[in-house]
Undergrad: 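Here you go, one structure.
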Amino acid sequence: MKAPFILAWELTRSCNLNCLHCRASAVMDAPAGELSTQQGFTLLEDACRSGTKMVILTGGEPLLRDDVFDLATFGTSLGLRMTMAVNGSLITPEVALQMKDCGIARVSISLDGTTQDVHDSFRGMKNAFNMALRGIGILEEYGVPFQINTTVAAMNVSQTSAFPSFIKSLGAVAWHVFFLVPTGRGESLKAASIKEYKDMLDTFYEVYRRSEIECKATCAPQFYRLLAEKGHEVRTKGCLAGTGFGFVSSTGDVQPCGFLQIPCGNIKDMPLSEIWSSSPTLMSLREIASLKGKCSSCLYNNVCGGCRARAYEVLDDFMQVDPICWYE
């Protein structure tokens, strides 16, 4: 494996919000040593040459980087599918036009509540909900495809059944649901219980089955076991960390994913392709036989695999059982 099929690049840890669940613990002042524009170009060239097909420009808030559209334009020129993950607050008509001009294929905007009180509490800023909706409206007006990302925790799990119709009314092309991994500021946020998690996946399955838009569960690999048990063809593994998915931090650290914060090397010292093919951590994640606990003997470990980041944060061992799994 020379490169991940999907690469998420954290352009910056600078952010204008203060989200309770932020895996990056992002603040307004970015840390020193973030990758330069030229280092970014080199990363994109190496990733493309080595087999990466899709890049997610994320953060922090990627729109706070002055060169974000230069980087997106360069990636598009290489033939990469360039996407962007934002909080929506900084989207203006001018930004939407720049997104179109540089070839952004899709934008994801986070909505963690169907009401202002829940979303604003999640995001740590008053009026964040209205700013996100304004940004969504601008993307819709200017024809920029967008999806909604939702992180599920104890404080918003009761609203999940209201999301499908709400999201459809916004004009989104997809709904991606992320189940809380207790890392970064998310360590202090109460996760949904195992029962709430299971019930949410059952509810999400009905949305998945009936929905007219794309629905995807992330950091919830048990959903893919559920699909397999119900006779669906499963074309992806539940947890792709270190296999089909990779992450580069704002300072160049390569990680299996954004939530599994184990540095495997730094692109300032070695190309992504060399790190991806030689890191002992990444190689371990690709060995299903190395899984521990009930994950090791589970008949669905090649479909689910358990969330490796959750195992690491809760049990301090990324190959241990996913602690939120209810299966025996």
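Excluded from the calculations below are hydrogen atoms, water molecules and symmetry mates; all remaining heavy atoms, backbone and side chain alike, are included. Here the structure is a predicted model, which means the values were calculated and not measured.
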Undergrad: Please check if Ile194 and Val321 belong to a single hydrophobic cluster, counting links between Ile, Leu, Val, Met, Phe, Trp and Tyr side chain heavy atoms closer than 4.5 Å.
TA: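 No, it is not one cluster - the side chains of Ile194 and Val321 are not joined through contacts under 4.5 Å.
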Undergrad: At what distance, to the nearest 0.5 angstrom, does CG of Asp120 lie from CG of Asn130?
TA: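 One gets 7.0 Å once the value is rounded to the nearest 0.5 Å.
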Undergrad: Crowded around Lys53 NZ? As in, over 12 foreign heavy atoms under 6.0 Å?
TA: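 Counting other residues, nucleotides and ligands, NZ of Lys53 stays at 12 neighbours or fewer.
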Undergrad: Any sub-3.5 Å donor-acceptor pair from Asn302's side-chain atoms to Ile288's backbone N or O?
TA: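 No; judged by distance alone, with no hydrogens or angles, the pair does not exist.
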Undergrad: Has Asp46 got a side-chain atom pairing as donor or acceptor with Leu272's backbone, closer than 3.5 angstrom?
TA: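 The answer is yes, because a donor-acceptor pair under 3.5 Å joins these two groups.
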Undergrad: Does Lys294 qualify as a cation-pi partner of Tyr327, given the criterion of NZ or CZ under 6.0 Å from the six-membered ring centre and within 45 degrees of its axis?
TA: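 The answer is no; the distance or angle limit is not met.
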Undergrad: How about Leu227 and Tyr224: do any of their side-chain heavy atoms sit closer than 4.5 Å?
TA: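 The answer is yes, as the side chains (C-beta and beyond) meet within the 4.5 Å cut-off.
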Undergrad: Counting C-beta onward and ignoring hydrogens, is there a side-chain heavy-atom pair between Ile267 and Leu35 closer than 4.5 Å?
TA: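 Yes, their side chains come closer than 4.5 Å.
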Undergrad: So which atom in Cys325 and which in Gln222 form the shortest heavy-atom distance, rounded to 0.1 Å?
TA: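 Here Cys325 and Gln222 meet closest at CB-NE2, 3.5 Å.
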Undergrad: Given Leu57 and Thr83, is the side chain to side chain contact (heavy atoms under 4.5 Å, CB included) satisfied, shown in steps?
TA: CA-CA 6 Å; Leu57 301 177; Thr83 65; over 6 Å; no
Undergrad: If I compare all heavy atoms of Asp70 with all of Phe41, which pair ends up nearest, and what's the gap?
TA: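 In terms of heavy atoms, the two residues are closest at O-CE2, 3.9 Å.
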Undergrad: Can you check whether Thr150 reaches Trp175 side chain to side chain, under 4.5 Å on heavy atoms?
TA: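 Yes, at least one pair of side-chain atoms sits under 4.5 Å.
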Undergrad: Name the residue from Tyr197, Phe179, Phe223 that meets the ring pair (Phe, Tyr, Trp, His ring centres under 6.0 Å) definition with Phe204.
TA: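 Output: one option passes, namely Phe223.
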Undergrad: Walk me through it: do Met270 and Val254 pass the test side chain to side chain contact (heavy atoms under 4.5 Å, CB included)?
TA: CA-CA 10 Å; Met270 184 186 299; Val254 176; over 6 Å; no
Undergrad: Quick one: does any side-chain atom of Arg308 pair with a main-chain N or O of Gly305 as donor and acceptor, under 3.5 Å?
TA: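 Yes, the answer is positive, given that a donor and an acceptor are paired below the 3.5 Å cut-off.
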Undergrad: Less than 4.0 angstrom from a charged side-chain N to a carboxylate O is my criterion; do Arg106 and Glu214 meet it?
TA: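 Answer for the salt bridge query: yes.
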Undergrad: Determine, step by step, whether Leu7 and Phe247 satisfy the side chain to side chain contact (heavy atoms under 4.5 Å, CB included) criterion, reporting the C-alpha distance in whole Å, the side-chain angles of both residues, the deciding distance to 0.1 Å, and the verdict.
TA: CA-CA 6 Å; Leu7 175 67; Phe247 179 90; 5.8 Å; no
Undergrad: Side chains of Leu260 and Glu313, heavy atoms from C-beta outward: is any pair under 4.5 Å?
TA: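 With C-beta onward as the side chain, the pair stays apart.
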Undergrad: Hydrophobic cluster membership, with links at side-chain heavy-atom distances under 4.5 Å among I/L/V/M/F/W/Y: are Val55 and Leu78 in one?
TA: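 Linked within one cluster.
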Undergrad: If you draw a 6.0 Å radius around CE in Met125, do more than 12 non-hydrogen atoms from other residues or ligands fall strictly inside?
TA: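 Check passes, neighbour count above 12.
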Undergrad: With rounding to the nearest 0.5 angstrom, report the CD1 to CZ distance, Ile104 to Phe69.
TA: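 One finds 7.5 Å between CD1 of Ile104 and CZ of Phe69.
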Undergrad: With a 4.5 Å heavy-atom cut-off, do Thr52 and Leu44 have their side chains touching?
TA: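 No, every pair of side-chain atoms sits at 4.5 Å or beyond.
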Undergrad: Ignoring hydrogens and angles, tell me if any N or O in the side chain of Arg134 forms a donor-acceptor pair with the backbone of Ser89 under 3.5 Å.
TA: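 Such a contact is found between Arg134 side chain and Ser89 backbone.
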Undergrad: Would you say Lys268 has more than 12 foreign heavy atoms packed within less than 6.0 Å of its NZ?
TA: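 Buried by this count: over 12 neighbours within 6.0 Å.
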Undergrad: Any idea which heavy atoms bring Thr76 and Cys102 closest together, and the distance?
TA: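 Shortest heavy-atom separation between Thr76 and Cys102 comes out as OG1-O, 2.8 Å.
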Undergrad: Compare every heavy atom of Thr12 with every heavy atom of Pro62, then report the nearest pair and how far apart it is.
TA: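 In terms of heavy atoms, the two residues are closest at CA-CG2, 4.4 Å.
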Undergrad: For residues Ile167 and Leu133: do they belong to one hydrophobic cluster (side chain heavy atoms under 4.5 Å, members Ile, Leu, Val, Met, Phe, Trp, Tyr)?
TA: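 Yes.
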Undergrad: Looking only at atom types and distance, does a side-chain atom of Glu140 sit under 3.5 Å from a main-chain N or O of Gly137, one as donor and one as acceptor?
TA: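 Looks like no, no N/O pair under 3.5 Å.
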Undergrad: Distance from Met283 atom CE to Thr243 atom OG1, nearest 0.5 Å?
TA: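 Result: 14.0 Å between the selected atoms.
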Undergrad: How far does OG1 of Thr114 sit from CG of Leu170, to the nearest 0.5 angstrom?
TA: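 Answer for the OG1-CG pair, Thr114 versus Leu170, is 10.5 Å.
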Undergrad: Is it the case that the side chain of Arg65 and the backbone of Leu11 share a donor-acceptor pair, with hydrogens and angles ignored and the cut-off at 3.5 Å?
TA: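 Yes, Arg65 side chain to Leu11 backbone: donor-acceptor pair under 3.5 Å.
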Undergrad: Can any side-chain N or O of Lys2 pair as donor or acceptor with the backbone N or O of Glu274 at less than 3.5 Å?
TA: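 No, because the side chain of Lys2 does not come within donor-acceptor range (under 3.5 Å) of the backbone of Glu274.
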Undergrad: Does a side chain donor of either Trp276 or Ser50 reach within less than 3.5 Å of an acceptor in the other side chain?
TA: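 No donor-acceptor contact under 3.5 Å links the two side chains.
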Undergrad: If hydrophobic clusters are built from ILVMFWY residues whose side chains come within less than 4.5 Å, do Leu315 and Met319 share one?
TA: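 In one cluster with Leu315: Met319, no.
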Undergrad: So, taking the atom named CD in Gln261 and the one named OG in Ser249, what distance separates them when rounded to the nearest 0.5 Å?
TA: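 One gets 9.0 Å once the value is rounded to the nearest 0.5 Å.
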Undergrad: Compare all side-chain heavy atoms of Ile109 with those of Val86 and state whether any distance is below 4.5 angstrom.
TA: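 The answer is yes; the side chains approach within 4.5 Å.
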Undergrad: Are side-chain N/O atoms of His232 and Tyr208 paired as donor and acceptor at under 3.5 Å?
TA: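 The criterion, which ignores hydrogens and geometry beyond distance, is not satisfied for Tyr208 and His232.
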Undergrad: Can Arg209 and Glu206 be counted as an ion pair, charged N to O under 4.0 angstrom?
TA: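 A salt bridge is present here (some side-chain N lies under 4.0 Å from a carboxylate O).
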Undergrad: Ignoring hydrogens and geometry, is there a side-chain-to-backbone donor-acceptor pair from Arg286 to Gly242 under 3.5 Å?
TA: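 Side chain of Arg286 to backbone of Gly242: a pair is present.
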Undergrad: Say you draw a straight line from CG of Leu282 to CD of Glu287; how long is it, rounded to the nearest 0.5 Å?
TA: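 If we round to the nearest 0.5 Å, Leu282:CG and Glu287:CD are 12.5 Å apart.
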Undergrad: If only side-chain N and O atoms count, and only distance matters, is there a donor-acceptor pair under 3.5 Å linking Asn87 with Glu61?
TA: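 Glu61 vs Asn87: donor-acceptor pair found between side chains.
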Undergrad: If we only count heavy atoms from C-beta on, is the Val118 to Arg123 side-chain gap below 4.5 Å?
TA: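 A side-chain contact under 4.5 Å is absent here.
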Undergrad: For a quick test of reading the model, state the closest non-hydrogen atom pair linking Asp112 to Phe163 and the distance between them.
TA: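 Smallest heavy-atom distance, with atoms named: C-CZ, 3.7 Å.
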Undergrad: Val152 versus Asn156: any side-chain heavy-atom pair under 4.5 Å?
TA: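 Contact flag for Val152/Asn156 side chains = yes.
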Undergrad: Is there a donor in the side chain of Gln38 and an acceptor in the side chain of Ser36, or the other way round, less than 3.5 Å apart?
TA: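 Ser36 and Gln38 do not have a side-chain donor-acceptor pair below 3.5 Å.
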Undergrad: Are Asn301 and Ser296 close enough that a side-chain donor and a side-chain acceptor fall under 3.5 Å?
TA: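 Per modelled atom types, Asn301 and Ser296 side chains form no pair under 3.5 Å.
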Undergrad: Are Phe146 and Val173 connected in the hydrophobic side-chain network, where two residues link if heavy atoms are under 4.5 Å apart?
TA: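 Phe146 and Val173: separate clusters.
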Undergrad: Looking at every heavy atom in both Arg225 and Cys298, which two are closest together, and how far apart are they?
TA: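 Result for this residue pair: NH1-SG, 3.5 Å.
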Undergrad: Hey, is CG on Asp66 packed in by over 12 heavy atoms from elsewhere, all under 6.0 Å?
TA: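 No - once you tally the heavy atoms of other residues, nucleotides and ligands closer than 6.0 Å, there are 12 at most.
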Undergrad: Between the side chains of Arg235 and Glu233, is the shortest nitrogen-to-carboxylate-oxygen separation below 4.0 Å, so that they form an ion pair?
TA: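 So Glu233 pairs with Arg235 through a salt bridge.
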Undergrad: Report yes or no: do Gln147 and Asn149 form a side-chain donor-acceptor pair below 3.5 Å?
TA: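 The answer is yes; a qualifying pair exists.
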Undergrad: Given Thr281 and Phe318, is the side chain to side chain contact (heavy atoms under 4.5 Å, CB included) satisfied, shown in steps?
TA: CA-CA 9 Å; Thr281 295; Phe318 63 84; 4.0 Å; yes
